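Reviewing the structure listed below.
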2 protein chains.
Amino acid sequence: MATIQDVAKRAGVSVATVSRVLNHSLSVREDTRKKVQVAIKDLNYQPNLLGRNLRRSETKMILVLLPTISNTFYVKIVKGIEEVGLRNGYNIMLCDTDSDKQREEVYLDLLKNKLIDGAIFMATELSKEELSEIGRYFPMIQCCEYKEGAEVSYISIDNFAAAYKAVQHLIELGHQRIGMISGTNHCISTFQREAGYKKALEDAGIAFDDALILKGEYGFKSGFRAAKQFLHRDKRPTAIFAMSDMMAIGAMKAIKERGLQIPDDMAVVGFDNIRFSTMVEPQLTTISQPQYDIGCIAMDLLLKQMKGELKEPQHIFVEHELIIRKSTFK
Amino acid sequence: MATIQDVAKRAGVSVATVSRVLNHSLSVREDTRKKVQVAIKDLNYQPNLLGRNLRRSETKMILVLLPTISNTFYVKIVKGIEEVGLRNGYNIMLCDTDSDKQREEVYLDLLKNKLIDGAIFMATELSKEELSEIGRYFPMIQCCEYKEGAEVSYISIDNFAAAYKAVQHLIELGHQRIGMISGTNHCISTFQREAGYKKALEDAGIAFDDALILKGEYGFKSGFRAAKQFLHRDKRPTAIFAMSDMMAIGAMKAIKERGLQIPDDMAVVGFDNIRFSTMVEPQLTTISQPQYDIGCIAMDLLLKQMKGELKEPQHIFVEHELIIRKSTFK
DNA sequence: ACCTCCAATGTAACGGATTACATGCTTGAT
DNA sequence: ATCAAGCATGTAATCCGTTACATTGGAGGT
C-alpha cells in the first residue's frame, strides 16, 4: 500500500503539499494539484485513516447501541440517525448489545479508546451513575429509553401521555375492565406507561385492579401467554392494552384461538406501530412514534454535543399519535 | 485524558514498561507491574487505541454489511458472527447499506482506509470485478448472497436444491399449477431458486408456464399484490411458492381476504423460516436455513483469511431444511 | 575478584498522516 | 532597483502507542 510519502516522491513535492491536495486546501497551484492527483491515481493511493485519525483525534464514526436488532421498531430510528449522520460526514455503525452489560461495555470501550467519536444508546443496562460518568467525558445521547437523573441528554416520546391516551380511547368505547400487558424490564417507558394507564382509569373513576396487569418480555409469545391467562378468568377483561405491537399480536392470536371476536369480544391496543400491525387481521390500534424524526433529532443532539454546543444535558420530548384501527373499533 | 507518558512518569518507569504491562508481556517484575497498575488507576488511564492501531496496522473491528436491518432473517446470522468474532477479540459493527451502492462504497472505504480489518457482505451491489479487486487486497467474505465468479469466499445454502425440495413437496401433495413469487433483484439466490422450481416441475413432467412466475420486492406488500394477481386469473394456481416468508405472509392475507382457505383452496410455501412464520394462521411451511451456523462459519472464514490461511477463495454450502406446517398440509 | 549471561528496563525509531512555522519566490509599489 | 507583502511550498514536530535494540544490574561460575 502506498503512503503519502510515496505519492509525494512520485509527484516531486512534499508530503505537506499532498496532504493539502487531499484536504482541499486552497493554497495549492493548479498544476501542482494536477501532478499530485496524477501520482495518487498512478499509485492507487488510499490515505490510511489511522494516521489522520491519530493526528486529528477523531474518527468520524458514530456507534448506535441497540439492545437487539430483531426489533423492527428501531429500523426507522436508525434511518433517521443515518440520514443526519451521513450528511454531516459521519459513518454510522450499529452494535447489538443483546441487553448484555458486558457487551455494552466492550463497545463503550471503543468510545473511551477514541475509536469512535460518539454513541447513541437505544437502551442501556448501565446505571445512571455510570452513564453520567462516561457522559462527562464522551459524547453520547439516550434515545427512546433513558435513565432519569443521568446527566446525559435524551429524546423520547411522553410515554405517560401515550398510555393515558390509549386507555382513554378504550374507556370511551365503553370498556371498564382493561387488561394491561406490561413489561418485566425496568425501563422507564414501562414505568411511565403503567402510570399513564392507572391515571386514565382513575380520571374515569374506574378502580384500579392489580390483577389486570400482567408482565411480558415484549415478544409475540409473552403476549400470547398473558392473553391466555386473561382469557381463563371468570371476569375476563374486555380490552387489552399491550406495551408492544408484538405482544398485542400474540394476544390477538390467543383471543382468536379461543374463538372470540376482535374487537367485539375483546379489543386490543398495541404500542409502536410496527409494520406488522397493519398486516394482521384485524389491523391493530396502536401508538405511533415519529421514529424517523426521533433518529434525526438524536443525531442532531449528538452533533451539537460533539461540537461542544451543549452546555446542559437536553431532554426532548416529541409527539406521539394514537392510530385507531379495527382492533378496537369497527 | 492521560497518555502513556503520564502513566510512565507517575509510575517512575519508561513508556516501554507501561506498554509491556498493558500488553501482558512476560518480562516485567511483579512490583514494577504493581506500580504501573496503580498509576493507571490513579490517572484513570485509557489507552488511546488510535496510536496502537496505527502502529499495529489493525483495528480489531469487523464490518457486517446488511442490505437492510429490517429483515429479521439476518438476526441469527449476526448472532453467529458476533459469537465467533467476540470470542476472538474482534468487535462486530453492523452497517445498513440500504442496497445502495454509494452507501456500500462509503463503508468499504473504511476497509480500504484500514479503519476496519475485514468485512462480511450479506449482499452487495458491487460487480464481481469490483469485488475481486477489493478482495485481492482486503479480507472479506460473502454470506448467503454471492457473486458467482468473484474471487471472494462465500458461504450459502444450496438455493437450487432448497427450491427444488419445496416445489417437489407441493407436487407430492397433488399440486400441478404452482405459482412462484420470485424476486426482481438480481441476486444469485433468486436465479437459483427459479432454476430449482423449473427443474422440479420438469422432473415431475409438468410443463413450465411463464405466467406462473411473478416478481416482488421480498416484502409483505409484494406478496399481497402478486397473490392478488394470481387470484384474479381464470385458471389460478392451487399453490404458491414465495421467495421469502414476508411475501408468503402477504400472499396469505390476499388469499384469506378473497375468502379462500389455506391450504385447501391454495397452499403456500415461504422461504427463510422467520419467527413470524409460526405466528400467522395457518403456520407457514417454509425453508429453514441454519442461520446461526452460517454466521459462525462466515466469521471463521474471515478470521482464516485475515491470518492468511486461505490461499484459494472457499465456497461453502450448508444444509437447509423444508419445514412442513399447516399452510400446505393439515 | 572477575567475567558471562540473562532478566528487567530504558531509549528511540516507527507507523502515516496533519499542520505550525520557515523559506523562497513572485509581484507590485516606490 | 529595492523592499514589503503574500502566495506556494517545504521542513519538521506532533498525535500515541509499540517494539527493536541498547543498557543496566545482579546472579552464578571459576
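Naming: A, B, ... by sequence-line order, numbering from 1 per chain. Just the heavy atoms: all of them, side chains too, but no hydrogens, waters or symmetry mates, feed the values below. Note that the structure is a prediction, hence the values are computed from the model and not measured.
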Which pairs of donor and acceptor atoms, one on a side chain in residues 307-314 of chain B, lie under 3.5 Å apart (sequence neighbours left out)?
from: B:Gln314; atom 1: NE2; to: B:Glu312; atom 2: O; distance (Å): 3.3

With a cut-off of 3.5 Å and sequence neighbours excluded, list every side-chain donor-acceptor pair involving residues 43-51 of chain B.
from: B:Gln46; atom 1: NE2; to: A:Asn113; atom 2: OD1; distance (Å): 3.2
from: B:Asn48; atom 1: OD1; to: B:Leu50; atom 2: N; distance (Å): 2.8

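Not counting sequence neighbours, the partners of A:Ser57 by the side chain to side chain contact (heavy atoms under 4.5 Å, CB included) test are A:Lys114. Residues forming a side chain to side chain contact (heavy atoms under 4.5 Å, CB included) with A:Val84 (at least two apart in sequence, or on another chain): A:Arg87, A:Asn88, A:Cys296, A:Met299, A:Asp300, A:Leu303. Applying the side chain to side chain contact (heavy atoms under 4.5 Å, CB included) criterion to A:Val75, with sequence neighbours excluded, gives A:Thr72, B:Ile69, B:Ser70. Applying the side chain to side chain contact (heavy atoms under 4.5 Å, CB included) test to A:Tyr137 and every residue at least two apart in sequence or in another chain returns A:Glu133.
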Inset, instruction - Would you sort out whether A:Tyr90 and A:Met61 count as a side chain to side chain contact (heavy atoms under 4.5 Å, CB included), showing the intermediate values? - result: CA-CA 5 Å; A:Tyr90 285 87; A:Met61 297 222 262; over 6 Å; no
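Atom P of nucleotide C:dA7 and atom CZ of B:Arg33 are separated by 15 Å, given to the nearest angstrom.
The footprint of chain B on DNA chain D, defined by a heavy-atom cutoff below 4.0 Å, extends from D:dC16 to D:dA20.
For the helix from C:dA1-D:dT30 to C:dT30-D:dA1, the rotation axes defined at the first and last 5 base pairs enclose an angle of 60°, given to the nearest 10°.
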Legend entry - Base-contact (B) and sugar-phosphate-only (S) positions in nucleotides 13-19 of chain C, heavy-atom cut-off under 4.0 Å, - elsewhere: BBBBBBB
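Residue pairs meeting the salt bridge (charged side-chain N to carboxylate O under 4.0 Å, His left out) criterion with at least one partner in residues 59-82 of chain A, sequence neighbours excluded, are A:Lys79-B:Asp96, A:Lys79-B:Asp98, A:Glu82-B:Arg103. Within the structure, salt bridge (charged side-chain N to carboxylate O under 4.0 Å, His left out) contacts touching residues 40-59 of chain B (residues at least two apart or in different chains) are B:Arg10-B:Asp42. For the salt bridge (charged side-chain N to carboxylate O under 4.0 Å, His left out) condition, the pairs that include at least one residue of residues 115-131 of chain A, sequence neighbours left out, are A:Lys101-A:Glu130.
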